[in-house]
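Structure record follows, encoded as structure tokens.
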Amino acid sequence: MDNASNNETNENTNESLDFIRAEIADDIKNNLNDGRVHTRFPPEPNGRLHIGHAKAFCLNFSIAKEFGGKCNLRFDDTNPIKEEQEHVEAIMEDVKWIGWDWEDRLYFASDYFDQMYEWARQLIKDGKAYVCDLTPEQTREHRGSLKEQGKESSYRNRDISESLDLFEKMKNGQFPDGTRCLKAKIDMTSPNINMRDPVMYRILHATHHRTADKWCIYPMYDWAHGLEDSIEGITHSLCSLEFENHRPLYDWFIDQLNIHHPKQREFARLNLTYTVMSKRKLARLVEGNHVIGWDDPRMPTISGLRRRGYSPAAIRNFCKTIGIAKTDSTIDLALLEHCLRDNLNATSNRVMAVVNPLKVVITNYPDDQVEELEAINNPQDESAGTRKVHFTKELYIEREDFMEDAPRKFFRLSVGREVRLRYAYFVTCTDVVKDENGQVTELHCTYDPATKGGDAPDGRKVKGTIHWVSTTESLKAKVNACDNLFTKENPEATEDGQDFIDNLNPDSLSVLENCFVEKSLANTTPGDRYQFERLGYFCTDTESSEGNLVFNKTVGLRDTWAKLKKQKQNAPKKK
RNA sequence: UGGGGUAUAGUGUAACGGCAGCACGACAGACUCUGAAUCUGUUUGUCUAGGUUCGAAUCCUAGUACCCCAGCCA
């Protein structure tokens with residue numbers, strides 16, 4: 001089905017490899033780890049996954065797949081204060097939905113706490129770690145700064161036996177939070193601040209979502225992560241650029257313990273125009289009620305994209321297309337949308353829907369007649385078959401498809417002009433009905449019965465084809481028209497005293513209550529994706545039900561007419 | 001201004017001493033029962049300055065710009 005096992009990857013081609021794959025290929029050639037490749041995706045369960053995470057886990061899973069290796073899903077749950085079980089489940093669902101399978105390799109850092117504790121004791125015994133009684137503030141002072149080196153803690157050279165004893169008491173909960181910690185004894189003069197006696201364990205009397213109250217000390221990332229990788233036999237530990245400074249520490253711990261040594265390699269995280277990509281900022285959008293939740297269709301979260309109508313294949317292909325490098329970069333949203341349309345065009349059934357209706361009366365059409373006309377479901381995929389659409393005397397067309405003083409280049413309806421109603425008839429507009437404000441409320445047209453199905457036997461051509469639905473043989477629907485959440489390419493670029501919230505797009509969601517869709521959509525269920533002909537791709541919302549249809553606009557079709565219009569508006573007036 | 005990184009078209013990404021290529025975008029055209037898709041074409045680039053070399057995006061030297069690091073977060 002919709003998983004990642006189609007041949008999307010570049011195995012057996014001569015395509016150039018990114019720097020990580022190149023190194024792995026080299027490692028295999030040199031028989032490092034007996035030629036084994038084993039990666040992992042290690043999310044912290046403190047929020048939802050977003051498309052930036054998708055870049056990371058698609059990298060890890062696809063590398064494993066390409067090199068005949070494995071990829072683990074591992075929750076890095078070392079901080080009980082911020083983490084929740086609820087996120088664990090959502091994250092698994094997201095990774096699975098994108099199409100990846102960790103098989104039986106679902107792991108939790110918390111499963112290794114006992115082993116980590118033993119290893120910590122070993123470092124203490126080796127004189128490479130010590131319990132420090134400095135307060136967090138004092139620790140900060142001792143650390144020095146970017147320019148000044150740090151100074152050693154007075155507890156640094158306390159007896160090993162004392163550290164061992166204290167460490168056990170820490171574990172047993174005999175000290176309050178923050179009163180002591182375990183530190184690695186490395187080098188307070190190191191130019192790399194991470195090496196200045198980093199904290200390995202802190203005291204945290206908190207209930208962990210998996211280990212409950214078993215522990216009151218919890219390992220820090222730098223101490224824990226390499227051990228987790230090592231325990232699982234990871235060969236290549238891929239992470240983002242900001243951990244490059246931590247690599248010496250990652251290596252140091254593993255070297256001291258003399259255990260299996262994975263390679264940590266760093267790549268640039270994903271940035272996308274017109275959105276933000278940090279859990280903290282996304283959480284702010286949710287908590288500040290700027291969106292309706294983590295799965296708001298405007299959010300760059302996996303669940304948001306899913307609800308909006310993105311397909312797993314589109315996201316996978318995007319992640320593959322953007323490549324992997326170490327340069328900080330920001331991908332143009334247009335590329336994501338390209339990958340989306342590319343996939344949806346090939347896979348979505350077409351359907352007719354009118355989102356901003358204008359009534360049309362076919363004056364020479366029999367009053368109560370209903371005709372069934374054949375329509376193609378997907379011109380890109382013959383196996384998708386055909387369906388019937390229902391034609392009647394009264395129809396809705398898109399308000400945008402009529403113009404009173406239409407320029408020559410406007411190929412749609414105007415008084416005296418003939419267009420094709422898709423799959424139906426040629427019609428010519430004869431009259432315009434207006435209300436007292438001059439607003440067009442209704443169009444009168446005549447149809448040519450000879451053009452049934454959409455072709456004129458006399459060979460006459462018509463420049464425009466527009467979509468329509470019957471007023472009676474259609475269903476009412478609501479459409480959430482989603483647009484970019486932010487007005488600026490870079491939402492972080494703000495005036496003094498402002499932040500990204502000030503760049504929120506006030507029109508990011510317009511709700512269209514008065515839409516009509518063809519009857520074939522009666523039994524649509526949440527998650528179904530369609531192309532509304534000439535409008536764009538839409539997805540049945542999670543809140544949609546029979547009799548109360550709701551669709552989210554995933555992305556519009558490319559629209560060269562709209563572009564033309566905009567160009568004209570912006571162009572300087574001509575003579 | 002300590003340390004660690006990174007600079008190739010508008011945006012990404014290749015080229016590993018030998019023709020700067022690809023994708024997206026933009027622009028122009030063809031086709032079209034979706035102003036979609038498809039097809040064709042055009043446009044724009046090696047951070048700067050020196051050096052090595054027959055030949056440099058690639059090697060060397062010196063600059064410049066940007067990113068990351070001073071959580072008992074990850």
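Numbers restart at 1 for each chain; the letters A, B, ... are given by sequence-line order, proteins then strands.
- In this structure, CZ of A:R558 is placed 9 Å from C1' of B:G25, rounded to the nearest angstrom.
- For B:A28 and B:U58, the C1' atoms lie 36 Å apart once the distance is rounded to whole Å.
- Side-chain atoms of A:K563 lie closest to B:C27 of the nucleotides B:A70, B:C27, B:G35.
- Looking at heavy-atom distances under 4.0 Å, A:Y425 makes no contact with the nucleic acid at all.
- Not a single donor-acceptor contact under 3.5 angstrom links the side-chain atoms of A:N194 to the base of B:C69.
- Put simply, the side chain of A:T327 never gets that close to the backbone of A:S329: no donor and acceptor are under 3.5 Å apart.
- With hydrogens and angles left out, the side chain of A:R412 and the base of B:G35 share a donor-acceptor pair within 3.5 Å.
- Within the 6.0 Å centre-distance limit, the rings of A:F516 and A:Y396 are counted as a close aromatic pair.
- Heavy-atom distances under 4.0 Å link RNA chain B to A:N345, A:R350 of residues 342-354 of chain A, given in residue order.
- The glycosidic torsion of B:G71 lies within 90° of 0, placing the base in the syn range.
- Between B:C24 and B:A7, the distance separating the two P atoms is 24 Å to the nearest Å.
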Give me, pair by pair, the N or O atoms of the protein and of nucleotides 17-24 of chain B that are less than 3.5 Å apart, along with how far apart they are.
none

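- Contact annotation for A:K183: no contact, since no heavy-atom pair falls under 4.0 Å across all strands.
- In summary, the side chains of A:E518 and A:H390 do not present any donor paired with an acceptor at a separation below 3.5 Å, with no hydrogens or angles considered.
- Both thresholds, 5.5 Å between centres and 30° between ring planes, are met by A:W561 relative to the base of B:G35, so the two rings are stacked.
- For the pair A:K326 NZ and B:C68 C1', the computed distance is 11 Å after rounding to whole Å.
- Of the candidates B:C72, B:A74, B:C68, B:C72 carries the atom nearest the A:V199 side chain, counting heavy atoms from C-beta on.
- Checked by atom type, the side-chain pair A:N378/A:R350 shows a donor-acceptor distance below 3.5 Å.
- Listed nucleotides: B:U32, B:A74, B:U13. Nearest to the side chain of A:K463: B:U32.
- Proximity note for A:S16 (side chain, C-beta onward) versus B:A74, B:A70, B:A14: the nearest is B:A14.
- At a threshold of 4.5 Å between non-hydrogen side-chain atoms, the residues A:K183 and A:C181 count as touching.
- In this structure, A:Y218 places its OH atom 15 Å from C1' of B:C73, rounding to the nearest Å.
- At distances below 3.5 Å, at least one donor-acceptor pair connects side-chain atoms of A:D77 with backbone N or O atoms of A:S110.
- When both distances must be under 3.5 Å, the Watson-Crick or G-U wobble mate of B:A7 is B:U64.
- Taking the charged nitrogens against the carboxylate oxygens, A:K151 and A:E141 have no contact shorter than 4.0 Å, which rules out a salt bridge.
- Rounded to a whole Å, the CD1 atom of A:I466 is 13 Å from the P atom of B:U34.
- Here the OH atom belonging to A:Y423 is positioned 11.0 Å from the CG atom belonging to A:L373, to the nearest 0.5 angstrom.
- Side-chain atoms of A:K147 and base atoms of B:U1 include a donor and an acceptor less than 3.5 Å apart.
- Across B:C73, B:A37, B:U8, the shortest atom-to-atom separation from the side chain of A:R202 is found for B:C73.
- Spacing of P atoms, B:U8 relative to B:C47, comes out at 6 Å, to the nearest Å.
- Summarising the geometry, the separation between CG on A:L238 and P on B:A74 is reported as 20 Å, rounded to the nearest angstrom.
- For the atom pair A:M116 CE and A:D111 CG, the distance stands at 9.5 Å (nearest 0.5 Å).
- Stacking of A:R420 on the aromatic ring of A:F426 is not recorded, the 6.0 Å distance cut-off and the 45° axial limit not both being met.
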